[in-house]
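What follows is one structure encoded as structure tokens, with my remarks underneath.
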Amino acid sequence: MKTNSKSGKSPLLWMGVVAAIAVMALIGIVALRSVGGGTHAPLPVADFAQTPKNFSGNRYEFEGRIDRQLGFEEGVGRIILTQAVDDESPVPLYVAAEHDNFSPNPGQVYRFSLRVDGDGILNVEEYEKL
């Protein structure tokens with residue numbers, strides 16, 4: 001009885017091809033996210049405005065235009081008012097004192113990485129001027 005040596009290698013070959021395709025797809029997704037600007041979902045501004053505490057613990061990306069500073073306390077941070085770039089809805093953000101290099105001016109547009117705390121407050125984790 002003669003066995004076909006090709007049939008024994010065929011499943012291994014197919015598993016290798018499938019694994020290579022999966023790795024390439026994963027690399028493509030990571031590259032697309034980094035080019036696209038972030039890894040978090042966009043902030044659902046209208047829904048968040050209605051029930052901010054429902055979003056506690058979540059992280060979001062948000063592009064906003066600086067409107068004005070609402071408050072500042074040394075060693076604590078500041079609260080700024082922004083407007084969503086796409087629909088101009090007002091969105092207040094808390095910027096902790098650790099972001100001491102953050103010096104926005106009205107009208108500037110930023111991309112923010114945000115975390116919603118237990119009180120429904122949008123905390124700036126990272127920012128990038130656009």
Side-chain angles (χ1 to χ4, degrees):
M1 187 187 308
K2 197 172 185 183
T3 58
N4 186 351
S5 63
K6 284 186 177 180
S7 65
K9 293 181 183 176
S10 184
L12 289 176
L13 178 65
W14 281 109
M15 286 191 315
V17 168
V18 169
I21 290 172
V23 167
M24 290 186 339
L26 183 60
I27 290 170
I29 290 169
V30 169
L32 183 62
R33 281 188 164 185
S34 67
V35 169
T39 59
H40 302 298
L43 177 68
V45 176
D47 294 336
F48 179 82
Q50 296 297 317
T51 54
K53 285 188 177 183
N54 287 351
F55 295 86
S56 295
N58 293 339
R59 287 180 158 71
Y60 296 100
E61 293 286 325
F62 171 70
E63 288 187 13
R65 183 177 320 281
I66 304 298
D67 184 31
R68 66 184 178 271
Q69 182 169 287
L70 298 175
F72 172 78
E73 187 173 331
E74 188 75 36
V76 176
R78 66 179 85 200
I79 301 203
I80 58 171
L81 184 62
T82 64
Q83 291 182 334
V85 171
D86 53 357
D87 67 2
E88 297 187 8
S89 298
V91 178
L93 305 176
Y94 169 68
V95 183
E98 65 192 40
H99 297 293
D100 55 355
N101 290 333
F102 182 65
S103 182
N105 291 311
Q108 293 176 327
V109 178
Y110 283 82
R111 177 179 298 123
F112 297 99
S113 292
L114 305 171
R115 179 185 49 81
V116 184
D117 72 10
D119 293 322
I121 296 171
L122 293 167
N123 290 268
V124 173
E125 292 189 324
E126 296 178 17
Y127 57 90
E128 173 187 10
K129 186 175 174 184
L130 300 179

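Note that these values count all heavy atoms, side chains included, but never hydrogens, waters or copies made by symmetry.
The environment of Gln69 atom CD is dense: over 12 non-hydrogen atoms of other residues, nucleotides or ligands sit within 6.0 angstrom.
Heavy-atom minimum distance, Val45 versus Ala84: CG2-CB, 4.4 Å. For the residue pair Gly118 and Lys53, the shortest heavy atom distance occurs at O-CG, 4.1 Å. The nearest pair of heavy atoms linking Ser56 to Asp117 is OG-O, 2.9 Å.
Linking Ile, Leu, Val, Met, Phe, Trp and Tyr residues whenever their side-chain heavy atoms come within less than 4.5 Å leaves Phe102 and Leu81 in two separate clusters. Residues Ile79 and Val91 do not share a hydrophobic cluster, defined by chaining ILVMFWY side chains whose heavy atoms lie under 4.5 Å apart.
Taking the six-membered ring for Trp and thresholds of 30 and 60 degrees, Phe62 and Phe112 have nearly parallel ring planes, at less than 30 degrees apart.
Outside the 6.0 Å centre-distance limit, the rings of Phe48 and Tyr60 are not counted as a close aromatic pair.
Distance CD/Glu125 to CD/Glu61: 10.0 Å, rounded to 0.5 Å. Remark: His99 NE2 to Glu126 CD distance equals 8.0 Å, nearest 0.5 Å.
Residues Arg65 and Gln83 bring no donor and acceptor atom of their side chains to less than 3.5 Å of each other.
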**Prompt:** Checking side chain to side chain contact (heavy atoms under 4.5 Å, CB included) for the pair Val85/Val109: CA distance, chi angles, key distance, verdict?
**Reply:** CA-CA 8 Å; Val85 171; Val109 178; 3.8 Å; yes

**Asked** What's the verdict on side chain to side chain contact (heavy atoms under 4.5 Å, CB included) for Leu93 and Tyr127, showing C-alpha distance, side-chain angles and the deciding distance?
**Response** CA-CA 12 Å; Leu93 305 176; Tyr127 57 90; over 6 Å; no

**Item:** Worked verdict on Leu122 versus Leu43 for side chain to side chain contact (heavy atoms under 4.5 Å, CB included)
**Value:** CA-CA 10 Å; Leu122 293 167; Leu43 177 68; 3.9 Å; yes

**Request:** Take Glu63 and Leu130 through the side chain to side chain contact (heavy atoms under 4.5 Å, CB included) test and state the conclusion after the steps.
**Result:** CA-CA 9 Å; Glu63 288 187 13; Leu130 300 179; 3.7 Å; yes

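For the pair Pro104 and Arg78, the minimum side-chain heavy-atom distance is below 4.5 Å.
Partner of Ile80 under the side chain to side chain contact (heavy atoms under 4.5 Å, CB included) criterion, chosen from Leu70, Asp67, Val95, Val124: Val95.
Gln108 contributes a side-chain N or O that, together with a main-chain N or O of Asn105, makes up a donor-acceptor pair within less than 3.5 Å.
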